[in-house]
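Chain naming here is simple, since letters A, B, ... match the order of the sequence lines and numbering starts at 1 in each.
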Protein chains: 2
Amino acid sequence: MNGTQRFTAAVEARLKEAIARLGYRSNPLARSMITGRTRAIGLAILDISNPHFTNLVKGANRVAIQHDYTLLLVDTEENPQREQTLIESLAQRVDGMIVSSRMPDDSVQWLLDLGKPVVLFGRGARFPVASVGTDSCLAGYMLANHLVKLGHRHIAYLGFGRSRWNDERIRGIRNCLDEYGLALDIHDAASPSAAGGERACSALVLGPKRPDAVICYNDLIALGFIKQARELGLQLPRDVSVAGFDNVPYGEYTAPALTTVDFQSEKMGELAMTKLLDQLHGNAETAASYSLLDPRLVVRESTVRREVAAGDAAAAGDARTRRHESRMPAAE
Amino acid sequence: MNGTQRFTAAVEARLKEAIARLGYRSNPLARSMITGRTRAIGLAILDISNPHFTNLVKGANRVAIQHDYTLLLVDTEENPQREQTLIESLAQRVDGMIVSSRMPDDSVQWLLDLGKPVVLFGRGARFPVASVGTDSCLAGYMLANHLVKLGHRHIAYLGFGRSRWNDERIRGIRNCLDEYGLALDIHDAASPSAAGGERACSALVLGPKRPDAVICYNDLIALGFIKQARELGLQLPRDVSVAGFDNVPYGEYTAPALTTVDFQSEKMGELAMTKLLDQLHGNAETAASYSLLDPRLVVRESTVRREVAAGDAAAAGDARTRRHESRMPAAE
DNA sequence: GTGAAAGCGCTAACAA
DNA sequence: TTGTTAGCGCTTTCAC
């Protein structure tokens, strides 16, 4: 027996000797079958190529190891069917699951019916699930506000419609632009990746009215956009300011370095794992709670003050004073 | 019973009904205990933040899914103890393991003793293990050759001593430089990451003799190096050409875009998984074989022709002719 | 403090 | 084609 029973030192030694001699190793499958516990946690992420998600993993892994759990990872590759298969397969081999998914709130039920504790991302208080997230609306407001203050007036959003946060980000941006009486030009990328940003770039930049500034759904799209805009002959950031969300590590190493909003991905991972372990160990307090992390604006080189022509400047000043005293609606 | 036995349609229907009514789901743990098969493959990688490894995962995952296997991932975080614990824990839950590790050849035995089929990376023919790798020596040669042809004479290598490929890369670089009678200045980064490159930069760049060109152990180090060199006031690539290994996706989005050697990481992952499944299904042919992938030079903007002063030019010409007809030693 | 026995949920082999 | 049984490697319980 392993750990449950105590013996006299003599017997214990003899036991240990036998174990070593036979090369015995306990079969965790059989053990798990009995105890119903695996000491493993499953984590499903949408895309392992996206540093945002690998940061989640880093955070979750740290906490798991601290508590002597093994973190098992699957990459669902933004594919809903694959996601369901993989999650079902994984869920039965672990004590609990952390899941990053685009499935709508009402499709989440089967996940809960798996009978394992679950932590999700960004499900808000509207759903009785443990969940951790950030204020995407506020983040959008921050970025828009930053750009407007730099003198930008024609702002575009290159979004990703399939994301559950896309609308929130738009809302935040609009909240800000509305204060200045500015319109928002909305575009959509086919995928939340650099390739998506590249492909969407020309439609924005070569379209009828080129924006002064582009806010992208995430940093990867922003990176792709920047590269493609360059190849189309634009001078960045002079011609167009670009910003993203997530603060992925590589945004720091590009030129121009990327302005973005830090969502504290790693801390999100930590928090999710902590929440799950709490649930596992019966601390029901945090069970179905929602933890919100603060977004932080990270200003780098990809957003710069717009050099305005004379006519433009007057219009800008006009707009700014017109609705000068409006409050920040996103800080609710 | 599930799949093993056939029944008449009537019984089958009644069975299905009962299954649905009871909400029965087979317990894969119990099943695996009996059959000894889990239909899962374990993959251990050194650092999930490194796109090289996430590409391995992408490749392996694709093949696994094709064959209806679940790929379970662990991140060992460049930590040997953690690695051993995680691998042992994972190995017993899966049918086979793919392991990316820095452990020396003679420490690999315990891994094989786990009793599961294993595929490793870059173990060569010298070890009776299934393994896939690339020719690091040739890759080093390619990069060095590229730089010499661009007129660089003072070439430095910013390596990572703990890697099992570091010496191979140095050998390849030296093979080339020797042909031109050039010396190689060797430095070492503390970690194979952008942070490692940043920290190591000043010692190289502010040292007694600044190199014309720096070859970094991998792209991440190169990215960090470039960023830091910029902050130290250097004009890149004019002042220093920089190159790396791996061809990580983000090297394309930096400025200057990174010259590198493509190791076909994704294909490596595919190949490793294919090899493992072959082993699992009894195709013993590939069992202990070693597959080598070809490195490919990817020239981008971070390496440029050196603008030589008059004296330098003469010396360079001299060196080039001196051992003009020597063969490529790395193509063995 | 130690050994024996029951049974977890399943599959495999066999009997009906 | 169907129902039954043994037993996988472990933990748990209980008698010794």
**Student:** Distance check needed: D/dC10 P versus A/Met33 CE, whole Å only.
**Tutor:**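 So the two atoms are 11 Å apart, to the nearest Å.
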
**Student:** Of the options D/dT12, C/dG9, D/dC10, whose atoms approach the side-chain atoms of A/Thr35 most closely?
**Tutor:**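 The answer is D/dT12, which lies nearest to the side chain.
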
**Student:** Under 30°, 30 to 60°, or over 60°: which ring-plane class applies to A/Tyr250 and B/Tyr250, parallel, tilted or perpendicular?
**Tutor:**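 The rings of A/Tyr250 and B/Tyr250 lie parallel, inter-plane angle below 30°.
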
**Student:** Expressed in angstrom and rounded to an integer, what is the separation of A/Arg25 atom CZ from D/dG9 atom P?
**Tutor:**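 Going from A/Arg25 (CZ) to D/dG9 (P), I get 15 Å.
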
**Student:** Specify the separation, in whole Å, of atom CZ of B/Arg93 and atom C1' of D/dC10.
**Tutor:**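 From B/Arg93 CZ to D/dC10 C1': 15 Å.
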
**Student:** On DNA chain D, nearest-nucleotide positions of B/Arg14 versus B/Ile34: which is more 5'?
**Tutor:**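 Result of the comparison: B/Arg14.
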
**Student:** A/Tyr24 OH to D/dG9 C1': how many Å, rounded?
**Tutor:**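 Interatomic distance, OH of A/Tyr24 to C1' of D/dG9: 7 Å.
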
**Student:** Angle class for the A/Phe245/A/Phe263 ring planes (parallel below 30°, perpendicular above 60°, tilted otherwise)?
**Tutor:**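 If you compare the ring of A/Phe245 with that of A/Phe263, the planes turn out parallel.
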
**Student:** Tell me: CG of B/Leu22 to P of C/dC10, nearest whole Å?
**Tutor:**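 Atom-to-atom, B/Leu22 to C/dC10, this comes out as 12 Å.
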
**Student:** Answer yes when B/Asp47 and A/Lys58 have at least one side-chain N-carboxylate O distance shorter than 4.0 Å, and no when they do not.
**Tutor:**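 The answer is yes: the pair qualifies as a salt bridge.
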
**Student:** Using atom CG of A/Asn27 as one end and atom P of D/dG7 as the other, report the distance to the nearest whole Å.
**Tutor:**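 Distance check: A/Asn27 CG to D/dG7 P gives 19 Å.
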
**Student:** Spell out, as yes or no, whether a donor-acceptor pair under 3.5 Å connects the side chain of B/Arg93 to the backbone of B/Thr38.
**Tutor:**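 Such a contact is absent between B/Arg93 side chain and B/Thr38 backbone.
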
**Student:** Starting at CD of B/Gln92 and ending at P of D/dG9, how long is that distance when rounded to a whole Å?
**Tutor:**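 B/Gln92 atom CD is separated from D/dG9 atom P by 14 Å.
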
**Student:** How long is the line joining CZ of B/Arg31 and C1' of C/dT11, in whole Å?
**Tutor:**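 One finds 9 Å between C1' of C/dT11 and CZ of B/Arg31, rounded.
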
